[in-house]
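A quick write-up on the structure given underneath.
For the single chain, residues carry numbers from 1 onward in sequence order. Values in this document were obtained by computation on a predicted structure and should not be read as measured data.
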Amino acid sequence: MTHTTPFSRLARIGLMSACLLLAAPVASAAELPSASPETVEQALNSGRPTILDLGARSCIPCKRMAPILAELAETYRERAQVLFIDLHEDEQAIKTWRIQMYPTQIFFDAQGREVKRHIGFMDEAALVAELAALGVE
C-alpha cells in the first residue's frame with residue numbers, strides 16, 4: 001500500500017501539468033510559407049522588386065527573421081515581393097541559388113535581375129533600406 005501525502009499528490013499534479021504544458025502546441029510566430037519554384041518565378045516576373053530569403057525553420061537567425069519577413073511581405077505586398085524558401089524542405093534550391101550558408105537573402109530588381117546577396121541575419125531596418133535601394137517606398 002502506498003501512502004501519499006497532500007504534498008506528494010500536489011507534486012504529481014504539478015508534474016503532470018508541466019508535462020501537459022510542454023506537450024501543448026505552441027503558437028508560432030508569423031512566418032511565410034516555403035515558396036515553390038513556380039512562386040519564385042512568378043515573383044521575379046511580377047515587375048516588382050523581390051527579396052528571396054533562403055534558410056531553414058530550425059536555424060536560429062532564420063527563426064528571428066521569420067516574423068520580420070512576414071511583416072514586410074504584408075506591409076509591402078503591393079510594391080514588392082518577399083519570399084522564403086526552407087532549404088530543409090527544398091534541397092534543390094541550395095543548388096539552384098548556389099547557397100553556401102544560411103540564411104542568405106537575395107535581392108532582385110523589378111526586372112527580376114539579382115542585384116545583391118547578403119549572408120546572415122538582417123534586421124528590419126536593413127531589409128527596408130535594401131527595398132528603398134531597389135526603389136520601393
Side-chain angles (χ1 to χ4, degrees):
M1 174 173 172
T2 334
H3 178 53
T4 60
T5 65
F7 175 76
S8 62
R9 193 172 308 139
L10 286 174
R12 276 194 316 223
I13 291 170
L15 181 58
M16 287 189 303
S17 297
C19 290
L20 289 173
L21 285 173
L22 290 174
V26 177
S28 63
E31 60 185 38
L32 298 172
S34 188
S36 68
E38 295 79 20
T39 303
V40 174
E41 185 177 342
Q42 288 172 355
L44 296 178
N45 291 320
S46 70
R48 294 183 275 172
T50 300
I51 298 174
L52 178 59
D53 181 65
L54 298 107
R57 298 204 194 283
S58 59
C59 150
I60 299 301
C62 304
K63 285 181 184 182
R64 288 181 53 215
M65 285 188 68
I68 297 168
L69 293 167
E71 181 181 327
L72 291 177
E74 179 65 25
T75 301
Y76 290 95
R77 73 174 171 260
E78 301 297 325
R79 299 168 282 167
Q81 301 280 348
V82 180
L83 303 174
F84 168 75
I85 296 177
D86 187 326
L87 298 173
H88 290 174
E89 291 178 18
D90 183 357
E91 292 182 5
Q92 181 59 41
I94 296 169
K95 293 177 186 172
T96 300
W97 298 105
R98 302 173 326 278
I99 302 302
Q100 296 177 359
M101 294 178 67
Y102 53 83
T104 295
Q105 300 81 37
I106 307 175
F107 299 88
F108 299 89
D109 64 16
Q111 290 73 43
R113 294 182 299 235
E114 181 178 330
V115 295
K116 183 176 181 174
R117 281 185 182 228
H118 177 269
I119 296 173
F121 175 82
M122 283 188 89
D123 64 22
E124 183 176 0
L127 289 163
V128 168
E130 289 302 329
L131 285 170
L134 291 169
V136 179
E137 296 178 359

What heavy-atom pair brings [X] and [Y] nearest, and what distance separates the two atoms?
| X | Y | result |
| --- | --- | --- |
| G55 | F84 | N-CE1, 3.9 Å |
| A56 | C62 | O-CB, 3.0 Å |
| Y102 | H88 | OH-NE2, 3.0 Å |
| H118 | F107 | CB-CE1, 4.3 Å |
| L83 | A43 | CD1-CB, 3.5 Å |

If only atom types and distance count, is the side chain of [X] paired as donor or acceptor with the main-chain N or O of [Y] below 3.5 Å?
| X | Y | answer |
| --- | --- | --- |
| D90 | D86 | no |
| Q105 | G120 | yes |
| R48 | L44 | no |

At what distance, to the nearest 0.5 angstrom, does [atom1] of [X] lie from [atom2] of [Y]?
| X | Y | atom1 | atom2 | value |
| --- | --- | --- | --- | --- |
| L54 | L87 | CG | CG | 5.0 Å |
| E91 | I85 | CD | CD1 | 13.0 Å |
| I51 | M122 | CD1 | CE | 7.5 Å |
| L72 | L131 | CG | CG | 6.5 Å |

Are any of the side-chain heavy atoms of [X] and [Y] separated by less than 4.5 Å?
| X | Y | answer |
| --- | --- | --- |
| M65 | P103 | yes |
| L127 | L69 | yes |
| E130 | K116 | yes |
| P49 | V136 | yes |
| R117 | R98 | yes |
| T104 | W97 | no |

inquiry  = Going by side chain to side chain contact (heavy atoms under 4.5 Å, CB included), V82 matches just one of L52, T75, L32. Which one?
reply    = L32
ask   = Going hydrophobic residue to hydrophobic residue with side-chain gaps under 4.5 angstrom, can you get from I119 over to F108?
value =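 Looking at the clustering, F108 is in a separate group from I119.
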task = Please report the C-alpha distance between R79 and E137 in whole Å, then the side-chain angles of each, then the deciding distance to 0.1 Å, and finally whether the salt bridge (charged side-chain N to carboxylate O under 4.0 Å, His left out) criterion is met.
result = CA-CA 8 Å; R79 299 168 282 167; E137 296 178 359; over 6 Å; no
inquiry  = Can you confirm whether more than 12 heavy atoms, excluding those of Q100, are under 6.0 Å from its CD atom?
reply    =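 Not more than 12 within 6.0 Å, no.
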request  = Show your reasoning for whether side chain to side chain contact (heavy atoms under 4.5 Å, CB included) applies to S36 and E41.
outcome  = CA-CA 9 Å; S36 68; E41 185 177 342; over 6 Å; no
Ring-face cation contact, F121 with R64, 6.0 Å cut, 45° max =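 Judged by the rule, R64 and F121 form a cation-pi pair.
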